Amino acid sequence: PISAGDSLESGRKAIAAWSKGELETSYGPRLKTYRVARLAERPINNAQLVGVLLYRTHLDWFEAWYQRRGGRVESAIEGLAARGHAIHLAADREEAMGGRAMVERLAARYPGITLGTTPGRAVRAWDDFAKRLRLGIDYLRYLDPRYAETPHLTRRARERAPRVIVRLGDRCRRPWQLRLLSALVCGFERGLPVAAELEQYIRRERPDLVMITPLIGLGSEQMNHLVAAKAAGVRTVLPVASWDHLSSKALIRETPDLVLVWNDIQRQEAITMHGVPPDRVVATGAHCYDQWFGRTPSRPRDEFCLRVGLD
């Protein structure tokens, strides 16, 4: 007689053997492999691995968290308003992550802050072409050897880029070929006409300065705002919104009059990766974290340590 325990054990072995066979024959050849030398250099931290996984697969969570807390620039806007500057906050699209509530809160607190919406481009035959062209330019950036160790960035850009540019990029075997292709596609972008409705909007507001952020999302249509502001003769500023925007997003192809970065590392990224002239790059600190300088602990250190079980 065969006991229930024996039957269960034999079933487990059968499933294990079948799974092993499937892995070795059907799925094994298709699995990606990675070098483990870098992992061997230092101990594996489970919390760090989980953090990296979340960051790479759920970036929208982090974006939503930042937006709900002021879109990264609330403290900077408040500081300007407190100094008496007149500020017009214009959004190029509606969003559902708390930005609207933030700007309405600021406008209610400071009479010098007004709100508006930038006009979108009229639907034209070449609008889709412009969008796809920018996505293609952004993809070519990640074919640079410096991004060989970040395949997730290349994959993200490749999935959005037009197939023709992907195919042309794949055929570039030498660095000069990639540079030539990038220059050619960027030339097409520079030939796009200025959005007349945006230029008229900026001229009507008559600002002393136009600040645009984040600007460098993949295929960002905010590039239209920058070009329109320059066509209107208004000075332009890009306050870099996050620590990785200069190294993991789109290229700055139309240079603002001033780029505000967090530190010397970002300053070098702006100069070497984006070709921004050194005299147009200023390190101001992480403006989105200015809010923390005015905060105080909610309880004494000893009380906090006792509560969480620390010495």
Side-chain angles (χ1 to χ4, degrees), residues 67 70-74 76-81 83-95 99-100 102-104 106-107 110-131 133-134 137-138 186-241 245 249-261 270 274-277 279-282 284 287-288:
Q67 291 290 344
R72 300 186 175 129
V73 295
E74 180 176 8
I77 295 171
E78 190 169 14
L80 290 171
R83 288 171 172 81
H85 292 283
I87 303 170
H88 182 68
L89 300 175
D92 54 3
R93 65 178 184 272
E94 288 295 328
E95 51 79 41
R100 168 64 66 174
M102 182 270 288
V103 297
E104 289 178 348
L106 287 173
Y110 297 97
I113 295 180
T114 57
L115 309 179
T117 302
T118 60
R121 277 185 180 271
V123 178
R124 299 171 187 165
W126 47 262
D127 281 354
D128 182 63
F129 170 76
K131 175 76 171 180
L133 189 64
R134 292 185 176 119
I137 294 171
D138 295 338
C186 286
F188 287 144
E189 184 192 24
R190 286 193 294 273
L192 296 174
V194 178
E197 58 275 13
L198 276 174
E199 184 179 349
Q200 293 168 4
Y201 174 77
I202 293 172
R203 290 185 183 277
R204 189 165 57 249
E205 293 294 332
R206 300 176 60 190
D208 295 317
L209 183 73
V210 170
M211 302 182 73
I212 305 173
T213 190
L215 181 64
I216 50 179
L218 295 182
S220 175
E221 296 182 0
Q222 286 187 334
M223 195 64 65
N224 297 330
H225 301 65
L226 176 60
V227 174
K230 297 185 76 169
V234 179
R235 290 174 294 177
T236 55
V237 175
L238 164 63
V240 176
H245 274 197
K249 299 295 185 293
L251 284 173
I252 302 174
R253 297 180 296 279
E254 188 72 32
T255 305
D257 292 291
L258 199 63
V259 177
L260 306 180
V261 299
H274 299 266
V276 181
D279 61 347
R280 293 194 187 186
V281 187
V282 178
T284 61
H287 49 266
C288 58

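Treat the numbers as computed from the prediction; the structure is a model and nothing was measured.
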Taking [X] for the side chain and [Y] for the main chain, is one N or O donor matched with an acceptor at less than 3.5 Å?
X	Y	value
Asp138	Gly219	yes
Thr213	Leu238	no
His85	Gly79	no
Thr236	Leu226	no
Arg253	Leu251	yes

Legend entry - Residues that Ala228 engages under side-chain contact (heavy atoms from CB on, under 4.5 Å), provided they are two or more places apart: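 Counting only residues at least two positions away or on another chain, Ala228 forms a side-chain contact (heavy atoms from CB on, under 4.5 Å) with Val194, Leu198, Glu199, Ile202.
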
Is the closest side-chain heavy-atom distance between [X] and [Y] below 4.5 Å?
X	Y	value
Val282	Val261	no
Gln222	Pro214	yes
His88	Val210	no
Thr114	Ile87	no
Pro277	Arg280	yes
Leu192	Phe129	yes

Inset, instruction - With rounding to the nearest 0.5 Å, note down the distance linking CG in Leu260 to NE2 in His287. - result: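 With rounding to 0.5 Å, CG (Leu260) is 7.5 Å from NE2 (His287).
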
Inset, instruction - Please determine which of Val234, Val237, Leu258 meets the side chain to side chain contact (heavy atoms under 4.5 Å, CB included) test together with Leu209. - result: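 Checked Val234, Val237, Leu258 against Leu209; only one passes side chain to side chain contact (heavy atoms under 4.5 Å, CB included): Val237.
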
Legend entry - Flag if over 12 foreign heavy atoms under 6.0 Å of CG, Asp279: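 Result for CG/Asp279: enclosed.
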
Inset, instruction - Output all residues satisfying salt bridge (charged side-chain N to carboxylate O under 4.0 Å, His left out) with Glu78, sequence neighbours left out; order by chain, then residue number. - result: Arg109

Legend entry - Any pair counted as salt bridge (Lys or Arg N to Asp or Glu O under 4.0 Å), so long as it reaches residues 228-240, sequence neighbours left out: Lys230-Glu254

